[in-house]
Amino acid sequence: MDADHLPEMLARLKLTALRDRLDTLLDEAARRELSLRETLALLCEAEVAHREERRIQMGLGIAKFPFVRTLEGSEADFPVHAAATYAKALRWRAREFPPK
């Protein structure tokens with residue numbers, strides 16, 4: 001088995017994030033003294049995380065939002081029960097104006 005072909009094989013399998021970070025991830029696995037199974041799990045987790053991040057970024061690009069805003073760092077000061085109160089109000093409105 002020739003490890004020199006590993007980057008080519010990973011690219012062919014479309015595991016590009018794994019290919020690009022392979023040395024770093026293997027160094028981390030060695031430093032943490034992971035078993036073969038744990039190392040494989042670490043490699044797969046890295047690829048899955050990369051694909052999920054790429055999926056989110058692609059969705060944001062397709063949506064063409066003028067800006068991205070998250071709850072972190074927002075100045076909104078909602079009480080914990082706000083969502084439940086909102087849901088209750090929606091149910092109340094649904095009873096007042098049932099769909100036809």
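All heavy atoms count here, side chains included; hydrogens, waters and symmetry mates do not.
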| query | About how many Å separate CD of E45 and CD of E47, when rounded to the nearest 0.5 Å? | reply |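 The distance works out to 12.5 Å.
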| field | Euclidean distance, K14 NZ relative to R51 CZ, rounded to 0.5 Å | value |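 Here the interatomic distance stands at 9.5 Å.
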| query | With sequence neighbours left out, what residues match S35 under side chain to side chain donor-acceptor pair (under 3.5 Å)? | reply |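 Counting only residues at least two positions away or on another chain, S35 forms a side chain to side chain donor-acceptor pair (under 3.5 Å) with E38.
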Contact check, side chains of [X] and [Y], non-hydrogen atoms, under 4.5 Å:
| X | Y | answer |
| --- | --- | --- |
| R19 | T16 | yes |
| R32 | L42 | yes |
| T39 | L25 | no |

| message | Going by the rule side chain to side chain contact (heavy atoms under 4.5 Å, CB included), which residues pair with L40 if we only count those two or more places apart in sequence or in a different chain? | response |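 Expected list: C44.
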| Who passes side chain to side chain contact (heavy atoms under 4.5 Å, CB included) against I56, sequence neighbours left out? |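 Residues passing side chain to side chain contact (heavy atoms under 4.5 Å, CB included) with I56: E52, L60.
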| field | Connected via hydrophobic side-chain network under 4.5 Å: L15 and V48 | value |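 No, L15 does not connect to V48 through the hydrophobic network.
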| said: Grouping I, L, V, M, F, W and Y whenever their side-chain heavy atoms are under 4.5 Å apart, do L43 and L13 come out in a common cluster? | reply: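 In one cluster: yes.
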